[in-house]
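Step one of this worksheet: look at the structure below.
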There are 2 protein chains.
Amino acid sequence: MEPETETGIVNVSDRTLRALYGYQMKRTFNVIQSDLSRTLKPFDLRMLTYTALVLIVDNPGLRQSQLAEAMDIERPNLVVIVDELERRDLIIRDRLPSDRRAYALKATLAGRRLCEKAIAAVMEHEKMLLNGISKDALSVATKVMQMIESNRQRED
Amino acid sequence: MEPETETGIVNVSDRTLRALYGYQMKRTFNVIQSDLSRTLKPFDLRMLTYTALVLIVDNPGLRQSQLAEAMDIERPNLVVIVDELERRDLIIRDRLPSDRRAYALKATLAGRRLCEKAIAAVMEHEKMLLNGISKDALSVATKVMQMIESNRQRED
DNA sequence: TATTGTTATACTCTATAACTATA
DNA sequence: TATAGTTATAGAGTATAACAATA
């Protein structure tokens, strides 16, 4: 006599739905990811290059290791992303005088301009995706996500 | 004079944070994904094989095409997942008498037992991840995710 | 010795076209 | 002709070890 919830085309019991909390989040993330990819295509950006560009524009002088940590990816995987942005003259790698191992990442004027346009497009699409969701509900959802993140169990 | 929010190690303005709504969700999904992977390792399951198994146990007779749609992946990518579960005798592929092209997927006794154990382990870990989050807040967050999913703009 | 960025590499997940067997 | 499942394959994204340069 368990309640059932419609999720896609199959019905799962509420107990099972709780066991699939990652499954709901993955479905939702897929939606956002694919919408974002389509929105960013005209700018020749992917989610990863877009995120990196936005963070560099917002944090001039950021190091690659900091950016990798912020984006939650490994340093080796960031190299190709920064390479691509640099090759397109959207950012530059400046040597830090204080630590000649590291780079200070800075957006170029072209990078800042592209970033502005991309952000505007993303926000426009976001409106459609978040249609019917109250400001309060969205705020609660964001807090829940931040709580989950802070509850992360780092492996030892 | 923009407010700033701590996200990882870099500060981003609230406007920028809104432009990175996918970024927050990705970070959160990464946390859930990696926690889930670690939890499922003792059962020799990944997120995909776990999700497939749970859905088959909960929906006996499910077809592969239905399962693929439920899991939001392409049919070809499901084949290897079903192959693996079948090879481990956790599920069987039953021919449908009414449509000999399709398979009815059913869990074996071993599959149902492993599924039960895996769900228990996942729920135990979920408690830690959702620590400090009220039932109401979680419910709101889930509804928001479902709303986003239903707002999906299918490409034509 | 430790850290920054790098290369190489392997693995997982994803996406598409084309095939077979049934309908 | 259309659909269910399959094969082959290519492309993203991710994770790890090992290296050079610098601290």
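Nothing here was measured: the structure is a model prediction, and the numbers come from that model.
- Counting only heavy atoms from C-beta outward, the side chains of Glu116(B) and Arg113(B) never approach each other to under 4.5 Å.
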Please write out each protein N/O paired with an N/O of nucleotides 10-13 of chain D under 3.5 Å, distance rounded to 0.1 Å.
from    : atom 1 : to       : atom 2 : distance (Å)
dG13(D) : OP2    : Arg46(A) : NH1    : 2.3

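- A residue-by-residue look at Asn30(A) and Gln64(A) shows that Gln64(A) has its nearest nucleotide of DNA chain C further toward the 5' end.
- Checked by atom type, the side-chain pair Tyr103(A)/Arg63(A) shows no donor-acceptor distance below 3.5 Å.
- Whole-Å rounding puts the Tyr103(A) OH to dA20(D) C1' distance at 12 Å.
- The distance from the CG atom of Asp35(A) to the OG1 atom of Thr39(A) is 4.0 Å, given to the nearest 0.5 Å.
- Residues Ile148(B) and Ile32(A) approach most closely at CG2-CG1, 4.1 Å, considering heavy atoms.
- When the P atom of dG5(D) is taken as reference, atom CD of Glu69(B) falls 12 Å away, rounded to whole Å.
- The environment of CZ in Arg95(B) is crowded: more than 12 heavy-atom neighbours from other residues, nucleotides or ligands sit within 6.0 Å.
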Starting at the 5' end of nucleotides 18-23 of chain C, put B wherever the base has a protein heavy atom under 4.0 Å, S where only the sugar-phosphate does, and a dash everywhere else.
---BBS

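- Distance CZ (Arg63(A)) to C1' (dA23(D)): 10 Å, rounded to an integer number of Å.
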In sequence, state the C-alpha distance, the side-chain angles, and the governing distance for Glu86(A) and Arg93(A), and then conclude on salt bridge (Lys or Arg N to Asp or Glu O under 4.0 Å).
CA-CA 7 Å; Glu86(A) 190 185 36; Arg93(A) 283 193 244 229; 3.2 Å; yes

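- If you take CG of Asp72(A) and C1' of dA15(D), they are 13 Å apart, rounded to a whole angstrom.
- Ile81(B) has its CD1 atom 14 Å from the C1' atom of dA15(C), to the nearest Å.
- A heavy-atom distance below 4.5 Å is found between the side chains of Leu114(A) and Leu45(A).
- Atom OG1 of Thr51(B) is separated from atom CE of Met71(B) by 5.0 Å, given to the nearest 0.5 angstrom.
- Atom CD of Glu86(B) is separated from atom C1' of dG5(D) by 12 Å (rounded to the nearest Å).
- The CG-P distance, from Leu105(A) to dT4(C), rounds to 13 Å in whole Å.
- Remark: Arg75(B) is not in phosphate contact with dA17(C), judged by side-chain N or O atoms under 4.0 Å from OP1 or OP2.
- Protein atom CG of Asn77(A) is 16 Å distant from nucleotide atom P of dC13(C), rounded to whole Å.
- In this model, the phosphate group of dT3(D) is not approached by any side-chain N or O of Ser65(B) to a distance below 4.0 Å at OP1 or OP2.
- Distance OH/Tyr23(B) to CG/Leu17(B): 8.0 Å, rounded to 0.5 Å.
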